[in-house]
J.: 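To start, I am sharing the structure in question, which I have written as structure tokens.
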Number of protein chains: 2
Amino acid sequence: MAWKRISDAVIRRLPLYLRVLEEVKSKQSSISSQELGSKAGVTPALVRKDLAWFGEFGKQGVGYDVEFLQDELRKILHLDAPIHMALVGVGSLGRALTRYNRRRFRDDPIFTINLVALFDADPKVVGTTFDGVSIHHITDISRVVAKMDIQMAIVTVPADAAQEVGNLLAEAGVKAILNFAPVSIDLPSDVHVANADLSLELQRLAYYIHG
Amino acid sequence: MAWKRISDAVIRRLPLYLRVLEEVKSKQSSISSQELGSKAGVTPALVRKDLAWFGEFGKQGVGYDVEFLQDELRKILHLDAPIHMALVGVGSLGRALTRYNRRRFRDDPIFTINLVALFDADPKVVGTTFDGVSIHHITDISRVVAKMDIQMAIVTVPADAAQEVGNLLAEAGVKAILNFAPVSIDLPSDVHVANADLSLELQRLAYYIHG
DNA sequence: TAGATTGTTAATCGATTAACAATC
DNA sequence: TAGATTGTTAATCGATTAACAATC
């Protein structure tokens with residue numbers, strides 16, 4: 001197979017497959033593209049095509065070995081080793097996401113993304129901890145990211161601070177950012193920014209309330 | 001134009017256009033597809049095609065009237081009248097989203113989605129209020145939704161309760177649901193469910209950390 | 001009028017689905 | 001072996017882009 005950048009549409013489905021594999025793991029040792037697809041809400045042909053981008057993981061007449069495929073998908077998504085994550089903006093949304101993430105990391109053994117540092121601009125909270133995680137000042141992003149080997153970040157700052165925080169994270173070498181601020185962040189193309197803009201999503205949904 | 005269901009890809013961009021229009025409103029009375037597109041991160045041809053699904057809003061040689069287009073987009077998205085929304089699951093994420101939404105509704109005059117009712121299963125919080133909004137028991141969803149004319153809902157309950165809560169909302173006539181629980185909810189096709197699954201999103205992003 | 005920009009049609013691009021030979 | 005299911009190629013579908021006549 002000639003080298004080609006794999007599309008985001010494909011990458012989005014891999015965590016879904018991972019979730020299905022975890023669900024069936026205790027009940028069966030192999031799974032067909034048929035079953036994996038129907039549990040993930042995807043056609044069997046698309047499951048096979050998605051997986052084929054990365055290798056030949058299945059066996060004709062049998063299907064895919066559940067544990068083997070799980071391991072392979074984890075490697076592809078870089079989830080085979082713990083990932084260190086930061087969160088910038090310890091307001092009410094930031095605190096809620098911190099709790100959510102910490103609990104998930106504690107309770108769910110397959111969830112390996114670990115929130116290890118918080119950042120804020122308010123001197124009153126800098127130096128304290130929340131849910132057991134230290135809060136640093138945003139001017140320390142570069143130093144702390146390097147020291148703690150942080151690879152991902154969640155941004156929950158007000159709209160007018162989001163771009164600047166994005167710049168600081170990018171300079172520090174963070175390559176993947178989940179942005180909850182209601183503005184898009186422009187960064188070099190080697191930094192992947194995913195927008196989780198609640199108000200945009202609600203406005204879109206309003207289209208479907210009919211009337 | 002023969003009738004055709006408008007794709008979700010188109011609907012997703014409309015709130016983006018709305019945001020750009022609000023931003024330029026004080027500075028100019030009209031805008032070209034060129035400028036609207038570049039500010040929204042979309043090609044000019046696509047802007048024109050998206051808008052053309054709903055009518056002929058522009059003027060050759062001039063562009064689109066900012067206020068007129070804003071009004072039209074609001075009507076299309078049903079944002080021309082206030083929308084009543086509920087939130088189910090008053091845990092830490094639910095409370096954070098409640099605050100976020102209430103503040104947005106208070107401070108931003110173009111944000112017309114109003115969170116008017118909270119629901120939870122815990123008798124200890126039922127009957128109290130949070131951020132000025134009453135918390136009802138989930139068995140009262142049907143009654144309260146009807147009485148308060150609620151059209152949308154946010155779901156922030158644990159995974160194992162999400163489907164049941166979805167059922168209750170659908171039975172009560174809610175047609176649009178934003179689901180934060182880490183499971184998909186199956187509902188009749190006239191109910192639109194958008195998934196905002198944080199852990200899925202983080203696992204996807206991990207692909208891009210390289211290494 | 002001359003210049004600008006729309007709405008729309010045709011061309012292109014990319015993603016999904018169907019089909020099937022290979023093979024466990 | 002017979003049945004099942006993969007990996008892959010070709011066909012289809014849908015979304016985006018390019019081009020341009022119409023017209024403000």
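These numbers come from the heavy atoms of this one structure, side chains and all, not from hydrogens, waters or symmetry mates. Everything numeric in this text was worked out from a predicted model, so none of it was measured. In what follows, chains are A, B, ... by sequence order, proteins preceding strands, each numbered from 1.
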J.: How does DNA chain D look in dot-bracket form if you count Watson-Crick and G-U pairs under 3.5 Å, write [ ] for pairs that cross, and put | where a base pairs with another strand?
T.: ..||||||||||||||||||||||
J.: Under a criterion of less than 4.0 angstrom to any heavy atom of chain A, what are the 5'-terminal and 3'-terminal contacting nucleotides of DNA chain D?
T.: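 It runs D:dA4 to D:dT9.
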J.: So A:His192 and B:Tyr208, would you call those rings parallel, tilted or perpendicular, with 30° and 60° as cut-offs?
T.: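 If you compare the ring of A:His192 with that of B:Tyr208, the planes turn out parallel.
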J.: Nearest 0.5 angstrom please: B:Leu97 CG to B:Arg102 CZ, how far?
T.: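 Rounded to the nearest 0.5 Å, the CG-CZ separation comes out at 14.0 Å.
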J.: Take A:Arg204 and A:Leu200 through the side chain to side chain contact (heavy atoms under 4.5 Å, CB included) test and state the conclusion after the steps.
T.: CA-CA 6 Å; A:Arg204 170 177 85 81; A:Leu200 235 42; over 6 Å; no
J.: Quick one: on DNA chain C, does B:Gly58 or A:Ser7 contact a more 5' nucleotide (nearest heavy atom)?
T.: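 This one resolves to B:Gly58.
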J.: Got more than 12 heavy atoms from elsewhere within 6.0 Å of CD, B:Glu67?
T.: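 12 or below, so no.
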J.: For a quick test of reading the model, state the closest non-hydrogen atom pair linking A:Leu51 to A:Phe57 and the distance between them.
T.: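 That closest heavy-atom pairing would be O-CE1, 3.8 Å.
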J.: Could you report the tightest heavy-atom contact between B:Ile110 and B:Arg74, atom names first, then the distance?
T.: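 Shortest heavy-atom separation between B:Ile110 and B:Arg74 comes out as CG2-NH2, 3.5 Å.
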J.: Enumerate the residues from residues 9-39 of chain A whose closest heavy atom to DNA chain C is under 4.0 Å, giving them by residue number; use none for an empty result.
T.: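 Residues of residues 9-39 of chain A that come under 4.0 Å of DNA chain C are, in numerical order, A:Arg13.
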J.: So which pairs with a foot in residues 34-50 of chain B pass salt bridge (charged side-chain N to carboxylate O under 4.0 Å, His left out), sequence neighbours left out?
T.: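 As it turns out, the salt bridge (charged side-chain N to carboxylate O under 4.0 Å, His left out) pairs with a partner in residues 34-50 of chain B, which skip direct neighbours, are B:Arg13-B:Asp50, B:Glu35-B:Lys39.
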J.: Of A:Ala45 and A:Val62, whose closest DNA chain D nucleotide lies nearer the 5' terminus?
T.: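 So the residue in question is A:Val62.
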J.: If you take any heavy atom closer than 4.0 Å to DNA chain D, which residues from residues 64-71 of chain A end up in contact?
T.: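 Only A:Tyr64 qualify.
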J.: On a heavy-atom basis, which atom in A:Phe119 and which in A:Val90 lie closest, and how many Å separate them?
T.: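 The pair with the smallest heavy-atom distance is O-CG2, 3.5 Å.
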J.: Please determine if B:Asp71 and B:Lys75 form a salt bridge, counting it only when a charged side-chain N lies under 4.0 Å from a carboxylate O.
T.: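 No, no charged N to carboxylate O under 4.0 Å.
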J.: May I ask you to say whether A:Arg104 pairs ionically with A:Asp108, meaning some side-chain N is under 4.0 Å from a carboxylate O?
T.: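 Yes, A:Arg104 and A:Asp108 are salt-bridged.
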J.: Could you tell me whether a side-chain N or O of B:Thr156 sits under 3.5 Å from a main-chain N or O of B:Val88, the two making a donor and an acceptor?
T.: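 Yes, B:Thr156 side chain to B:Val88 backbone: donor-acceptor pair under 3.5 Å.
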J.: Between A:Asp8 and A:Arg48, which has a closest nucleotide on DNA chain C that is more 5'?
T.: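 Taking each residue's closest nucleotide, the earlier one in sequence belongs to A:Asp8.
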J.: How would you list all residue pairs meeting salt bridge (charged side-chain N to carboxylate O under 4.0 Å, His left out) that involve residues 185-199 of chain B, not counting sequence neighbours?
T.: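 Counting only pairs at least two positions apart or across chains, the salt bridge (charged side-chain N to carboxylate O under 4.0 Å, His left out) contacts touching residues 185-199 of chain B are A:Arg19-B:Asp197, B:Lys175-B:Asp190.
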J.: Start with the C-alpha gap between A:Asn167 and A:Gln163, add the side-chain angles, then the distance that decides, and say whether side-chain hydrogen bond (donor to acceptor under 3.5 Å, both in side chains) holds.
T.: CA-CA 6 Å; A:Asn167 295 345; A:Gln163 181 61 52; 2.9 Å; yes
